[in-house]
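Please read all numbers here as calculations on a predicted model, not as lab measurements. Labels below follow one simple rule: chain letters A, B, ... track the order of the sequence lines, proteins then strands, and each chain is numbered from 1.
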There are 2 protein chains.
Amino acid sequence: MQDDAIKPIRKLSQLYAYTSIHMHETVARKAGLSGTDHKYLGFLIQKGQMTAGELAQLTGLTTGAVTGLIDRFEKKKLVKRQFAEDDRRKVLIVPDTKKIMALMEPLYKEFRRKSEQLIASFSSRQLKVIENYFLKAIEIMQETTNQLNEK
Amino acid sequence: MQDDAIKPIRKLSQLYAYTSIHMHETVARKAGLSGTDHKYLGFLIQKGQMTAGELAQLTGLTTGAVTGLIDRFEKKKLVKRQFAEDDRRKVLIVPDTKKIMALMEPLYKEFRRKSEQLIASFSSRQLKVIENYFLKAIEIMQETTNQLNEK
DNA sequence: ACTAATTATCTTAGTTACTAAGATAATATT
DNA sequence: AATATTATCTTAGTAACTAAGATAATTAGT
């Protein structure tokens, strides 16, 4: 591999990450959420209901900040607070998946369609290459993050 | 292309973007900057010196917020304020590239090495595929963002 | 050339989301 | 039954933001 091929692809991958953030932030704003609230709401959708403490751990926020986060979601009726049956100190955050989907889906619809079209335009051998790149690049970034956090 | 190949790669590309943000935020914190300050400092390095107003446009911040941003950078001696010769209302923000590099480079060194190694592990034909994916995916995300902003 | 309008940045007041630390209430331990 | 622990919430203080107005330099109109 020639050295001159390295830089453009690194630049491109940076631009990719940046553009992605920008898009997600725009979507968030259209949905009446901040960028971080949107991200954390995604956690709730993906993992399903969890306690306030679990969300604090997952997000890295303090419990106080999570209280505020849930308050904002609750005010918009996107989640419900519910005491856990086994331990009534715990607050289960129950996402209203339907409502959240109804809010987000229209904003992502075109993006999803075009993405699927793009992916379909590659052969499965080509997709393997892309997938492979992603997997290894993700691993590298995680290693970097972990190493920095250790020091 | 089979339908089942679409979902994993979309998930993967999401994880990629998310992991990238997370790494950059960790780097930022290690450098004593916030995530957004780090991002905007990157703009300054990439584009070189610019006026406060240009930075406001580029970042989407108000001029007041940019004043604060420059103040924080200046306090760390990462940039200098300088009145433009042609128009003394304008404030040129002159990045101290050397100092900024000296701050950032050690944090990214390992990441850079590993990334280059990863890229070098692909054939140039494979790299073309990856590049192509990035280019088109970026275009789709930009379109999505623009369409949302128009509405 | 003088006055008014515009432009570029800064300042101020108010807002939002955060942290740290302590309060409250439920559960676990001895 | 008293004490310790745990889960969440509350409060006080902070950082970075916006909106609107202040300041100072330039440009335009007469």
J.: Consider the side chain of B:Leu61, meaning its heavy atoms from C-beta on, and name the nucleotide among D:dT18, D:dT8, D:dA25 that approaches it most closely.
T.: D:dT18
J.: Is B:Asp96 paired with B:Lys77 through a side-chain N to carboxylate O contact shorter than 4.0 Å?
T.: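 Looking at B:Lys77 and B:Asp96, the cut-off is not met.
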J.: Strictly below 4.0 Å: does B:Ser34 bring a side-chain N or O up to OP1 or OP2 of D:dA16?
T.: no
J.: Output the rounded distance in Å from CZ (B:Arg29) to C1' (C:dT19).
T.: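 Going from CZ in B:Arg29 over to C1' in C:dT19 covers 14 Å.
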J.: State yes or no: do A:Met50 and A:Phe83 share one hydrophobic cluster built from I, L, V, M, F, W and Y residues joined by side-chain heavy-atom distances below 4.5 Å, directly or via other members?
T.: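 No; A:Phe83 is not reachable from A:Met50 via cluster members.
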J.: Atom CG of A:Leu55 and atom P of D:dT8: how far apart are they, to the nearest Å?
T.: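 Going from A:Leu55 (CG) to D:dT8 (P), I get 10 Å.
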J.: So, are B:Glu143 and A:Lys114 salt-bridged, with charged N and O less than 4.0 Å apart?
T.: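 Salt bridge between B:Glu143 and A:Lys114, a charged N being under 4.0 Å from a carboxylate O: yes.
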J.: Output the rounded distance in Å from CE (A:Met50) to P (D:dA7).
T.: 16 Å
J.: What's the closest nucleotide to the A:Lys90 side chain, out of C:dC18, C:dT9, D:dA7?
T.: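 The answer is D:dA7.
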J.: Is the closest basic N to carboxylate O distance between B:Glu131 and B:Lys128 below 4.0 Å?
T.: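 Here B:Glu131 does not pair with B:Lys128 in a salt bridge, since their nearest N and O are not under 4.0 Å apart.
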J.: With a 4.0 Å cut-off on N to O distance, would you call B:Glu110 and B:Arg113 a salt bridge?
T.: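 Yes.
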J.: Could you check which of C:dT27, C:dC10, C:dA20 has an atom nearest any side-chain atom of A:Asp87?
T.: C:dT27
J.: Which nucleotide in the list C:dC18, D:dT10, C:dC10 gets nearest to the side chain of A:Thr36?
T.: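 That would be C:dC18.
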J.: Between D:dC17, C:dC18, D:dA25, which nucleotide has the shortest distance from any of its atoms to the side chain of A:Ala65?
T.: C:dC18
J.: Where the side chain of B:Thr63 is defined as all heavy atoms beyond and including C-beta, which of C:dT9, D:dA16, C:dT19 is the nearest nucleotide?
T.: C:dT9
J.: Hey, does B:Val79 have a side-chain heavy atom less than 4.5 Å from the side chain of B:Val94?
T.: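 Result no, sub-4.5 Å side-chain heavy-atom pair not found.
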J.: Starting the side chain at C-beta, find the nucleotide from C:dT9, D:dA25, C:dC18 nearest to B:Arg88.
T.: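 Closest of the options to the side chain of B:Arg88: D:dA25.
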J.: May I have the distance from B:Ile70 (atom CD1) to C:dA8 (atom P), rounded to whole angstrom?
T.: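 My rounded result for the distance is 14 Å.
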J.: Mind listing the N/O atom pairs, protein and nucleotides 1-5 of chain D, below 3.5 Å?
T.:
none

J.: What is the distance from CD1 of B:Ile93 to C1' of C:dT9, rounded to the nearest Å?
T.: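 Checked: the CD1 to C1' distance equals 11 Å.
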J.: Between B:Lys47 and B:Glu54, is the closest basic N to carboxylate O distance under 4.0 Å?
T.: no
J.: Please report, rounded to the nearest Å, how far the C1' atom of D:dC17 is from the CG atom of B:Asp71.
T.: 14 Å
J.: Tell me the interatomic distance from A:Leu69, atom CG, to D:dT8, atom C1', rounded to whole angstroms.
T.: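 In whole Å, D:dT8 C1' lies 14 Å from A:Leu69 CG.
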J.: If I take atom OH in residue B:Tyr40 and atom P in nucleotide D:dA16, what distance separates them, rounded to the nearest angstrom?
T.: 12 Å
J.: Touch check for A:Gly53, heavy atoms < 4.0 angstrom, all strands: base, sugar-phosphate only, or nothing?
T.: sugar-phosphate
